[in-house]
Amino acid sequence: MKPTTGEKWFLAVNALLLLIAGLSCLLPLLHIVSVSFSEPHAVMSGAVALWPQGWTLESYGLLLRGSKIVSAFTNSVELTVVGVALSMIFTTMAAYPLSRRYFYMRRFWTLAIVFTMLFSGGLIPGYLLLKQLGLINTYGAIWLPGLVSTFNMLIMRTYFEGIPDELDDAARMDGCGEWRYLLRIVLPLSVPVIATLSIFYAVGYWNSFFQVLMYINQTSKFNLTVLVQQMIQSQSLMQEMNASDMQAFITPEGIKTAGIIVMVLPLLLVYPFMQKYFIKGVMIGAVKG
């Protein structure tokens with residue numbers, strides 16, 4: 001059937017709104033990329049818009065030589081990789097039993113976990129608890145409180161519930177236990193939702209900012225997000241970096257934008273490879289039936 005005139009207008013307006021929304025996200029990013037690759041004189045004169053003026057890599061060179069960007073990047077990778085692995089393991093261990101209809105007091109445990117989405121112990125009690133556990137100034141203080149996201153767990157649980165019961169029955173007849181059924185049947189069929197939730201957790205851990213400032217005391221353990229924030233706000237840090245390399249004349253804007261690009265680039269590179277699982281994982285895990 002041909003779309004009606006009203007449907008055509010509706011689709012056109014939607015396309016226009018999506019285009020405006022996309023450009024509002026893309027243009028600032030292009031400007032930041034252009035500033036990071038432009039010559040200092042072009043940046044100071046305000047001639048840089050959406051295309052670099054006088055290509056140069058001096059901003060990135062000074063960023064690598066004059067800051068702790070490499071160690072901060074390593075800390076971010078460690079924080080993200082270990083955090084995602086732990087979160088996915090414990091999220092799976094929480095979602096699988098709650099997806100089994102024969103699990104004892106299934107409804108009670110589900111409501112108890114959902115309760116944590118609405119109420120929490122508070123910031124100060126949480127800090128005191130982590131201090132008593134000896135986790136302050138360790139990444140455990142960041143991993144433990146966010147080990148399982150209730151929202152992500154519910155998505156995975158709903159996805160597990162969509163797996164046909166016939167597979168469960170066939171596996172039981174062949175003598176398959178709970179662990180073997182989970183590892184050999186459920187998880188291989190759940191790649192889309194695993195990939196999707198891994199992205200959710202990875203973005204959260206990679207962008208950890210407040211938790212790092214709150215629980216980490218040593219600057220050598222700061223991640224990339226905190227380091228870039230300090231670079232943006234601290235003028236003295238910019239002056240020290242410029243003074244450490246007198247042969248290069250670099251504007252603070254060039255160093256700051258280079259730091260932002262280094263921070264967001266890993267996620268931009270990973271996301272296209274995970275996109276094919278992203279939509280399927282969210283839709284199937286969020287809609288039951």
In this structure, are over 12 heavy atoms from other groups packed under 6.0 Å from [X] atom [atom1]?
X    : atom1 : value
M173 : CE    : no
F90  : CZ    : no
R184 : CZ    : no
L118 : CG    : yes

[X] to [Y] - nearest heavy-atom pair and separation:
X    : Y    : answer
I216 : F222 : O-CE2, 3.6 Å
P192 : L189 : CD-O, 4.2 Å
P188 : V191 : O-CG2, 3.4 Å
N223 : S76  : CB-OG, 3.2 Å
L183 : L187 : CD2-CD1, 3.8 Å
V193 : I155 : CG2-CG2, 3.8 Å

Taking the side chain as every heavy atom from C-beta outward, state whether [X] and [Y] have any atom pair closer than 4.5 Å.
X    : Y    : result
Y215 : Y127 : yes
W206 : P266 : yes
N75  : V212 : no
L213 : F210 : no
S87  : Y205 : yes
M156 : I194 : yes
T92  : L182 : yes
F37  : L57  : yes

Using the side-chain contact (heavy atoms from CB on, under 4.5 Å) criterion, which residues pair with [X]? Sequence neighbours excluded.
X    : result
V81  : V77
P125 : none
R172 : Y96, Y102, D168, E178, Y181
L265 : L269

In this structure, would [X] and [Y] fall into the same cluster of hydrophobic residues linked by side-chain contacts under 4.5 Å?
X    : Y    : answer
I261 : W51  : yes
L111 : F108 : no
L123 : L130 : yes
L147 : F115 : no
L268 : V203 : yes

For W179, which residues count as a ring-ring contact (aromatic ring centres under 6.0 Å, His included) partner, sequence neighbours excluded? none
Using links of under 4.5 Å between side-chain heavy atoms of ILVMFWY residues, direct or through other members, which residues join L50 in one cluster? L19, L23, L26, L27, L30
Co-members of L11 in a cluster of I, L, V, M, F, W and Y side chains, linked at under 4.5 Å: F10
From [atom1] ([X]) to [atom2] ([Y]), nearest 0.5 Å:
X    : Y    : atom1 : atom2 : value
L16  : I20  : CG    : CD1   : 4.0 Å
C176 : L167 : SG    : CG    : 11.0 Å
T110 : M153 : OG1   : CE    : 6.5 Å
D174 : D169 : CG    : CG    : 11.0 Å
R106 : L98  : CZ    : CG    : 7.5 Å
L227 : S71  : CG    : OG    : 7.5 Å

State which residues pass side-chain hydrogen bond (donor to acceptor under 3.5 Å, both in side chains) with [X]; sequence neighbours excluded, sorted by chain then number.
X    : value
T74  : none
D165 : R101
S190 : none

Pair listing, side-chain hydrogen bond (donor to acceptor under 3.5 Å, both in side chains) test, anchored in residues 20-40, at least two apart: S36-Y60
Side-chain donor/acceptor of N137 to backbone N/O of N217, under 3.5 Å: yes
Pairwise salt bridge (Lys or Arg N to Asp or Glu O under 4.0 Å) hits with a residue in residues 129-158, at least two apart: R157-E161
Checking side chain to side chain contact (heavy atoms under 4.5 Å, CB included) for the pair T219/K68: CA distance, chi angles, key distance, verdict? CA-CA 10 Å; T219 57; K68 299 179 180 179; 3.8 Å; yes
Check against side chain to side chain contact (heavy atoms under 4.5 Å, CB included), V264 and I32: CA-CA 11 Å; V264 303; I32 292 176; over 6 Å; no
Run the numbers on Y201 and T80 for side chain to side chain contact (heavy atoms under 4.5 Å, CB included), then give the verdict. CA-CA 8 Å; Y201 280 122; T80 302; over 6 Å; no
